[in-house]
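In what follows, chains are A, B, ... by sequence order, proteins preceding strands, each numbered from 1.
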Amino acid sequence: MSEIVRTRFAPSPTGYLHIGGARTALFNYLLAKRLGGKFVLRIEDTDQTRNIAAADQKLLEDLRWLGLQWDEGPEVGGLHGPYYQSQRRQLHDEHARKLLDAGQAYYALETRAELDAMRKAAQQRGEKGFRYPRPAHFPSEAEAQRARDAGRQVVIRFKMPERDFIVPDRILGDVTIGAAELSDFVIVKSDGWPTYNFAVVVDDAGMHVTHVLRGQEHLMNTPGQIALYEAFGYTPPAFAHLPIIFNMSGTKMSKREKDKVVRDAAKAGQLDDAKLIELAGLHDAELIAAWRKGDTQLPSEALQRLAKALAVRPPEIEIHDFRRSGYLPEVLNNFIALLGWSPGDGREKFTLAELCQAFSLERVGKTNARFDRDKLLAFNTSAIEAASPERKLAAFHDWLSVSEPGPLTSLDDVLLTRLIECCQGFRTFPDIEFKAGILFAPDAAVRYDEKAVKKWLLKDDGLGKRVLEELSTNLAGLADWSVGALDAVVRAYAEKRGLDLGKVAQPLRVAVTGTTISPQIADTLALLGRERTLARIRRVLATTGQPSAPGP
RNA sequence: GCCCCCAUCGUCUAGAGGCCUAGGACACCGGCUUUUCAAGCCGGCGACACGAGUUCGAAUCUCGUUGGGGGCGCCA
C-alpha cells in the first residue's frame with residue numbers, strides 16, 4: 001500500500017451533478033492535486049429502488065465539463081476497481097461474512113412494519129430516540145433462513161461497540177459522539193445489497209482512500225464507519241466534513257425546487273393531466289398525477305420541456321442547468337471554491353490550476369454558506385470580459401450545443417466572433433441571443449414593442465418615422481455596407497439635422513428589431529445586412545401608426 | 001424531543017488577544033460615461049447575535065442564552 005494521498009468523490013447516480021455535489025467533488029479534486037495524489041470517482045448505485053437510467057452518464061458529463069477529471073473511475077479504469085459500487089457485491093458479501101463469523105454482526109428478522117411500530121412505541125414511551133435493541137442471542141444461520149422462507153425480511157446489523165467515539169475531523173476538530181447515540185445499524189439490506197454506511201467503508205478501504213471530504217450531513221454516520229474500519233482492522237482515513245450550501249432563501253438547494261416552479265406554473269395555467277403529459281412528452285399518467293401532488297420529480301428532460309411550454313425558468317440547481325444558462329465552467333469552479341474556502345489573502349479570482357496550488361484543508365471554514373446567484377453572475381461577467389477571443393468562441397459553441405435551437409444555432413465562427421465583439425459587456429451567452437438574436441431571425445419574427453414604437457416612431461408627430469424615411473434613402477444609396485460606412489451615415493445625418501445620435505439610432509433600432517435593445521446601431525445594421533434592413537424599415541413605415549399596425 | 005455542528009456587513013468572507021475608529025468582493029444607493037441594453041469608472045451605506053466572565057486589553061479565550069443548520073432509515 002502506498003503513502004500517496006487518495007481522495008474520492010462517491011455520488012449516487014440520480015441525474016446531473018448537483019451544485020453541492022460539485023463542491024464536494026471540487027474539494028476532493030483540489031486536495032488530491034494539491035498533495036500530488038489521486039482523485040478517484042466511484043458511483044454508489046446500490047439502491048435498487050433509486051437508480052435512474054443513464055444518470056451516471058449525466059454525472060460524468062457534468063464532472064468533465066467542470067474539468068474535474070478523475071484519475072481512477074468509470075471509463076478510465078484503475079487498479080482498484082470496479083468503480084461502480086454495484087459491481088463490488090462480492091467484496092461487500094465477503095466483508096459481511098467476516099463480521100458474521102466473528103460475531104460482530106448478526107441477523108435481524110424484523111419487518112419494516114415491525115420496526116416502524118417499535119420506533120413509534122419508543123417515541124411514545126418518551127425515549128431519547130430509537131435504538132435497535134440488540135438481542136441476547138443472535139439468530140442462527142438456520143433461523144435466518146427459516147425467517148426468509150417464511151417471507152420475512154432479514155437484514156444484517158453491525159454489533160456497534162458500546163463506547164463513545166471521537167471523530168477526528170480535519171475541519172471541525174475532534175467531535176465526540178456518545179455511546180447512547182450509537183446503535184446497531186443495518187449493513188446488509190434484506191435484498192442482499194449493502195447499505196451506504198457499510199459499502200462506503202469496504203470500498204474506501206479497498207480503494208486505499210486516505211482522505212474523505214464530504215458534506216456535514218455525514219458527520220453522524222462517521223462513528224459507525226470508524227467502528228467498521230476497526231472491526232476489519234483497517235486504518236480509517238482522515239475525515240473532513242464540509243459545511244452545507246444553501247439558497248439565498250436559506251432553504252437547502254434541491255432539485256425539487258425546479259419541479260416546484262414548474263408545478264406552480266402548471267397549476268396557475270390550470271392544465272389537466274392529459275395536457276401535461278403531452279407537453280412533457282411523457283406517457284406515464286401515474287407519474288404526472290404523483291408529480292402534480294408534489295410526491296415525485298420528473299425526469300430532467302420532461303421537466304425542461306414542460307418549463308419551456310409554460311414559459312417559466314426553473315432555478316439552476318444542477319451543473320448542467322448553469323451550463324445551459326450560459327455560465328463558464330471555470331467560473332463555477334472558482335465561485336464554488338469560495339463557498340467554504342478562502343485563500344486568506346483577499347484574492348478571489350482563480351483558475352482551476354491556481355486553485356490546485358492554493359487550496360488547503362486548513363483554510364476551509366465551518367460555517368454554512370448561501371449560494372449567491374448575483375455574485376456568481378458578476379463572476380461570470382468579469383471572467384467573460386477577461387477571457388481570450390478563442391476561449392469566448394469555444395464557450396459560445398459549448399453553450400449553443402446544449403441550448404434549444406434558435407436563430408444563432410447555425411452561425412459560422414466569423415459571425416459568432418463578431419457577435420461576441422458587438423455584444424461586449426454581456427454577462428451570459430443567452431444575453432447575446434436576447435440582444436442580437438432577432439437579427440438572424442426571419443423578418444416576420446420581429447415583434448414590435450408598443451412602448452418603443454410610440455416613443456421612438458410616433459412621438460412628436462412621427463419624428464422617428466420622418467427620420468427613417470430620410471435615412472433609408474441615404475442607406476439605400478450606400479455603396480459600402482460596412483460598420484464604418486454605416487456609422488458615418490448615421491452620424492452625418494444626425495449632425496445635418498441637428499439631432500442627438502439617440503434620436504436617430506433609436507428609431508432605426510426599433511424599426512429593425514422591434515425593441516430598444518440591440519448592439520451599437522452600425523453593428524446592428526451591418527449584422528442584419530442591406531436587404532433586410534431596408535425591408536424592415538419599409539415594413540415599419542408602411543404599417544406603423546396605421547389601423548393595421550403590426551405587433552401587439 | 002434527543003444528539004452533533006455553527007455564529008463578523010443583506011450575501012461570500014479576511015481576522016488565530018493589542019496592527020480593527022473591523023479589510024475585501026457581490027448586492028444596494030448616488031454620480032460619471034453614453035446611440036439603446038449591458039458593461040465600465042468613482043463615491044457612499046453597511047457587521048463582530050446577546051449576556052456574563054478571563055485579561056492591563058477580546059471580533060478573537062471560557063461559560064451561558066438565543067438563533068441557524070445537520071442527524072436520529074433496509075437513502076446516500
Fill in: Donor-acceptor pair under 3.5 Å, A:K366 side chain vs B:C6 base
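Check fails, no donor-acceptor contact within cut-off.
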Worksheet item: Looking at B:A27, does its base get a donor-acceptor pair with the side chain of A:K375 below 3.5 Å?
Response: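 Flag unset: no donor-acceptor pair detected.
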Between [X] ([atom1]) and [N] ([atom2]), how many Å, whole number?
X: A:Q520; N: B:U34; atom1: CD; atom2: C1'; answer: 9 Å
X: A:H218; N: B:C75; atom1: NE2; atom2: C1'; answer: 10 Å
X: A:E181; N: B:G70; atom1: CD; atom2: C1'; answer: 14 Å
X: A:I244; N: B:A76; atom1: CD1; atom2: P; answer: 18 Å
X: A:F426; N: B:G40; atom1: CZ; atom2: P; answer: 13 Å
X: A:L439; N: B:C37; atom1: CG; atom2: P; answer: 17 Å
X: A:M118; N: B:C72; atom1: CE; atom2: C1'; answer: 15 Å
X: A:R363; N: B:G24; atom1: CZ; atom2: C1'; answer: 13 Å

Under 4.0 angstrom, heavy atoms only, what part of the nucleic acid is [X] near: base, sugar-phosphate, or nothing?
X: A:Q424; result: base
X: A:E362; result: nothing
X: A:R427; result: sugar-phosphate
X: A:G340; result: sugar-phosphate

Item to complete: Spell out, as yes or no, whether a donor-acceptor pair under 3.5 Å connects the side chain of A:R8 to the backbone of A:V212.
Response: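 Here the side-chain-to-backbone pair does not exist.
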State which of [options] makes the closest approach to the side chain of [X].
X: A:K435; options: B:G71, B:C74, B:C37; value: B:C37
X: A:I517; options: B:C12, B:G70, B:C37; value: B:C37
X: A:E217; options: B:G69, B:G71, B:U36; value: B:G71
X: A:S190; options: B:C74, B:U36, B:A76; value: B:C74
X: A:T367; options: B:C74, B:C5, B:C6; value: B:C6
X: A:L172; options: B:A76, B:A25, B:C5; value: B:C5
X: A:L115; options: B:C74, B:U35, B:C5; value: B:C74
X: A:K189; options: B:U36, B:C75, B:C26; value: B:C75
X: A:N221; options: B:G40, B:C37, B:A76; value: B:A76
X: A:F130; options: B:G73, B:C74, B:U11; value: B:G73

Could you check whether [X] makes a cation-pi contact with [Y], meaning its NZ or CZ is under 6.0 Å from the centre of the six-membered ring and within 45° of the ring axis?
X: A:R491; Y: A:Y493; answer: no
X: A:R148; Y: A:Y107; answer: yes
X: A:R363; Y: A:F359; answer: no

Worksheet item: Less than 4.5 Å apart, any side-chain heavy atom of A:L439 and any of A:L419?
Response: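 Not in contact.
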Item to complete: Go through A:N28 and A:H211 one step at a time and tell me if the side-chain hydrogen bond (donor to acceptor under 3.5 Å, both in side chains) criterion holds.
Response: CA-CA 8 Å; A:N28 275 287; A:H211 298 253; over 6 Å; no
Only pairs with both distances under 3.5 Å count, Watson-Crick or wobble alike; so what is the partner of [N] in this structure?
N: B:A22; result: none
N: B:U34; result: none
N: B:U65; result: B:A49

Worksheet item: 5'-most contact on RNA chain B: A:R509 or A:K349, nearest heavy atom basis?
Response: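 Of the two residues, A:K349 wins.
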Worksheet item: More 5' along RNA chain B: A:G178 or A:T195, using each one's nearest nucleotide?
Response: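 It is A:G178, whose closest nucleotide lies nearer the 5' terminus.
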Discussion item. Taking 4.0 Å as the cut-off, does a side-chain nitrogen or oxygen of A:S382 come that near to OP1 or OP2 on B:A39?
Written reply: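 No, no such contact exists.
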Worksheet item: Using a cut-off of less than 4.0 Å, is there contact between a side-chain N or O of A:R119 and OP1 or OP2 of B:C74?
Response: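 Yes, because at least one side-chain N or O of A:R119 sits under 4.0 Å from OP1 or OP2 of B:C74.
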Worksheet item: How about A:E495: does its CD atom have over 12 heavy atoms from other parts shown lying under 6.0 Å from it?
Response: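 Result for CD/A:E495: open.
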